[in-house]
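Take a look at the structure below.
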Amino acid sequence: MKLSILIPVFNEVDTIGKVIRRVCEVDIGMDREIIVIDDGSTDGTVESLQQLETIGIFGNEASVLFHYASKNRGKGAALRRGLEAASGDII
């Protein structure tokens with residue numbers, strides 16, 4: 001069994017690193033993937049996520065998707081994008 005954890009974000013530069021670290025630290029007793037979907041952040045969240053990817057904070061269990069749009073498309077659009085990428089048995 002594999003759990004897919006979807007984390008939609010918009011302008012979360014101050015908290016996103018902490019959230020991802022805490023999710024990664026939880027022992028859930030099964031395989032998991034963490035999918036972070038940025039929905040057009042303008043506050044530095046994109047750069048923060050790119051930096052976290054570069055230093056390997058996510059390991060092999062997480063990925064980041066970006067909506068490069070001129071405006072936020074909403075949490076529903078971010079979740080739909082995450083669902084398309086999810087490969088878990090449970091989401």
Side-chain angles (χ1 to χ4, degrees):
M1 293 284 282
K2 181 177 180 180
L3 174 68
S4 294
I5 302 166
L6 307 181
I7 305 175
V9 297
F10 177 70
N11 290 343
E12 303 287 344
V13 71
D14 293 333
T15 58
I16 191 59
K18 294 174 196 167
V19 168
I20 294 168
R21 281 185 194 96
R22 291 186 74 181
V23 170
C24 287
E25 290 172 356
V26 175
D27 180 9
I28 58 169
M30 69 174 73
D31 291 336
R32 68 175 159 202
E33 68 178 347
I34 302 165
I35 302 172
V36 180
I37 311 98
D38 181 85
D39 191 19
S41 292
T42 58
D43 69 340
T45 300
V46 170
E47 295 79 11
S48 178
L49 288 169
Q50 289 170 336
Q51 183 180 18
L52 291 171
E53 266 187 319
T54 300
I55 63 173
I57 188 175
F58 302 124
N60 293 331
E61 62 184 14
S63 60
V64 180
L65 305 174
F66 298 98
H67 280 179
Y68 292 108
S70 59
K71 70 174 199 160
N72 178 284
R73 296 183 346 199
K75 191 181 297 181
L79 288 173
R80 283 190 296 277
R81 177 100 186 269
L83 286 169
E84 290 172 1
S87 64
D89 303 298
I90 303 168
I91 300 175

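These numbers come from the heavy atoms of this one structure, side chains and all, not from hydrogens, waters or symmetry mates. None of these values were measured; they are calculated from a predicted model.
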Calculate, to the nearest 0.5 Å, the distance between atoms [atom1] and [atom2] belonging to [X] and [Y] respectively.
| X | Y | atom1 | atom2 | value |
| --- | --- | --- | --- | --- |
| Leu83 | Arg81 | CG | CZ | 12.0 Å |
| Thr15 | Arg22 | OG1 | CZ | 11.5 Å |
| Ile91 | Ile35 | CD1 | CD1 | 7.5 Å |
| Leu79 | Ile7 | CG | CD1 | 11.0 Å |
| Asp38 | Glu47 | CG | CD | 9.0 Å |
| Ile37 | Lys75 | CD1 | NZ | 11.5 Å |

Between [X] (side chain only) and [Y] (backbone N and O only), is there a donor and an acceptor less than 3.5 Å apart?
| X | Y | answer |
| --- | --- | --- |
| Arg73 | Gly40 | no |
| Asn11 | Thr42 | yes |
| Asp39 | Phe10 | no |

Discussion item. Do Val13 and Ser41 make a side-chain contact, defined as non-hydrogen atoms from C-beta onward lying under 4.5 Å apart?
Written reply: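 Val13 vs Ser41: side chains apart.
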Practice prompt. State, yes or no, whether a side-chain contact exists between Leu49 and Ile20 at a heavy-atom distance under 4.5 Å.
Written response: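 Yes, close enough: below the 4.5 Å cut-off.
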Practice prompt. Carefully, step by step, assess Leu52 and Arg21 under the rule side chain to side chain contact (heavy atoms under 4.5 Å, CB included).
Written response: CA-CA 10 Å; Leu52 291 171; Arg21 281 185 194 96; 3.9 Å; yes
Discussion item. Which residue is it: Leu3, Val23, Val64? I am looking for the one with a side chain to side chain contact (heavy atoms under 4.5 Å, CB included) to Ile34.
Written reply: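 One option only clears the test, and that one is Val23.
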Worksheet entry | With Lys2 via side chain to side chain contact (heavy atoms under 4.5 Å, CB included) - residues at least two apart |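 In terms of side chain to side chain contact (heavy atoms under 4.5 Å, CB included), with neighbours along the sequence ignored, Lys2 is linked to Asp31, Glu33, Ser87, Asp89.
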